[in-house]
Trainee: 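Please read through the structure below; I'll follow up with questions.
Chain identifiers are assigned alphabetically (A, B, ...) following the order of the sequence lines, protein sequences preceding nucleic acid strands; residue numbering begins at 1 within each chain.
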There are 2 protein chains.
Amino acid sequence: MPNARNTEAVRKPASAARPLDGFDRKILGALAADADLSYAELGQRVCLSAPAVHDRVKKLRASGCLRRTAAILDGPALGKPLLAFVHVDSAGWGKTQELMAMAELPEVEEIHCVTGDTCMLLKVRCASSRALEALLARIYATPGVKGTRSYVVLSTYLERTPQAEITESLEAD
Amino acid sequence: MPNARNTEAVRKPASAARPLDGFDRKILGALAADADLSYAELGQRVCLSAPAVHDRVKKLRASGCLRRTAAILDGPALGKPLLAFVHVDSAGWGKTQELMAMAELPEVEEIHCVTGDTCMLLKVRCASSRALEALLARIYATPGVKGTRSYVVLSTYLERTPQAEITESLEAD
DNA sequence: TTAAACATCCGAATGACATTCCGAGGAATC
DNA sequence: GATTCCTCGGAATGTCATTCGGATGTTTAA
């Protein structure tokens, strides 16, 4: 198992830029699923030695592919079982000040500016429907907000950490 | 600094259930921002010893508040700069088989069943607008899908890891 | 074709850190 | 007021991250 050099593992990209090869993709996929993996265990899964994967992870961090590691917390266990997406109709564009005001709300997890009839899309997590009502009132009270449209999540069927699955589809392009 | 017992840190919840105190919240917040923190450094930030925070983290894992740790990857750096939310109008409810079919697509990050006029809400990440077009075609081809409505993300202003901010608002309820 | 420069790998060694093991000190219960 | 329980801190141990040197394959240049 430790002699990966004589197997099919020898082929390297051999190109100038920074194209991720199969090793990098497997490493990123494994770390996206569990960032607590030891380098030794990680090396066993990809058929590389611990120093080799350590070196690759360091380069992946430096290149920006691996941004950081984070603890994934559980909303319901923390007292916030209600997840919802809120479309916010805004009066105009470029009102970053109001955006930042909403970013201060602890219930707001994500703020995106999107195309379409709404200007912003929020992902929020609340303790109860009453808390969601209060949050919507605060969002509506933000200057420049014309209206909101909420979609309460009934159940979540898939929740991958961003880009957990780095499959062949990426290099097929 | 290491003698936290004689400071204000002494007060404990002393209740039977499992209510997170200020230490737990600070620990979770710090780990949500950076899961690579050592217990020693984590202890310095919360004014606790390394074994104490280790013990708390273990309990937080056991109680389910801390689900896991994950590497946060960068979409653009990985060749998927296009983020979009897709509302999927479904013919009926309870079609979990079609849901699972969409979960197989590597571009799909999240699948939620939501209230409102659409039955499902997807978060997807693609390499290009052409890739998004192809993905929408595949989604539309899924049996039971009546139509889709897409919101392409122009820019993201806030992207917290779930429940990164465990502030006072949680226990204010 | 040959030689040099470079990148990546592995095995071993070192240092740092996670983890465990007591002993001590408050808080709640009786 | 005494006991029990829980949590903390300091020290010790084992594991793991990290580094170093040498070797191999690959690319570039002569």
Trainee: Side chain of A:K58: nearest nucleotide among C:dC10, D:dG9, D:dT19?
Mentor: D:dT19
Trainee: Could you state the CZ-C1' distance from B:R56 to C:dT19, rounded to the nearest angstrom?
Mentor: 18 Å
Trainee: Assert yes or no for the condition that the ring centre distance of B:Y151 to B:H87 is strictly below 6.0 Å.
Mentor: yes
Trainee: For A:L48 and C:dC9, give me the distance from atom CG to atom C1', rounded to whole Å.
Mentor: 8 Å
Trainee: Given C:dA7, is OP1 or OP2 found less than 4.0 Å from the side-chain N or O atoms of A:K59?
Mentor: no
Trainee: Is it true that A:D36 and B:R61 have a side-chain N and a carboxylate O under 4.0 angstrom from each other?
Mentor: yes
Trainee: Could you check whether B:R56 pairs with B:D21 (Lys NZ or Arg NE/NH1/NH2 to Asp/Glu carboxylate O, under 4.0 Å)?
Mentor: yes
Trainee: Considering only NZ, NE, NH1 and NH2 on the basic side and carboxylate oxygens on the acidic side, decide whether A:R138 and A:E133 come within less than 4.0 Å.
Mentor: no
Trainee: Check salt bridge (charged side-chain N to carboxylate O under 4.0 Å, His left out) between B:D34 and all other residues, then give those that pass, not counting sequence neighbours.
Mentor: none
Trainee: Rounded to whole angstroms, how far apart are CD1 on B:I27 and P on C:dA18?
Mentor: 13 Å
Trainee: For nucleotides 14-18 of chain D, which of its nitrogen or oxygen atoms have a protein nitrogen or oxygen under 3.5 Å away, and what is each distance?
Mentor:
residue, atom, partner, partner atom, Å
D:dA17, OP1, A:Y39, N, 3.2
D:dA17, OP2, A:Y39, N, 3.3
D:dT18, OP2, A:H54, NE2, 2.9
D:dT18, O5', A:H54, NE2, 3.3

Trainee: Has the side chain of B:T115 got a donor or acceptor atom that lies under 3.5 Å from a matching backbone atom of A:V152?
Mentor: yes
Trainee: How close or far is atom P of C:dA7 from atom CG of A:D55, stated in whole angstroms?
Mentor: 11 Å
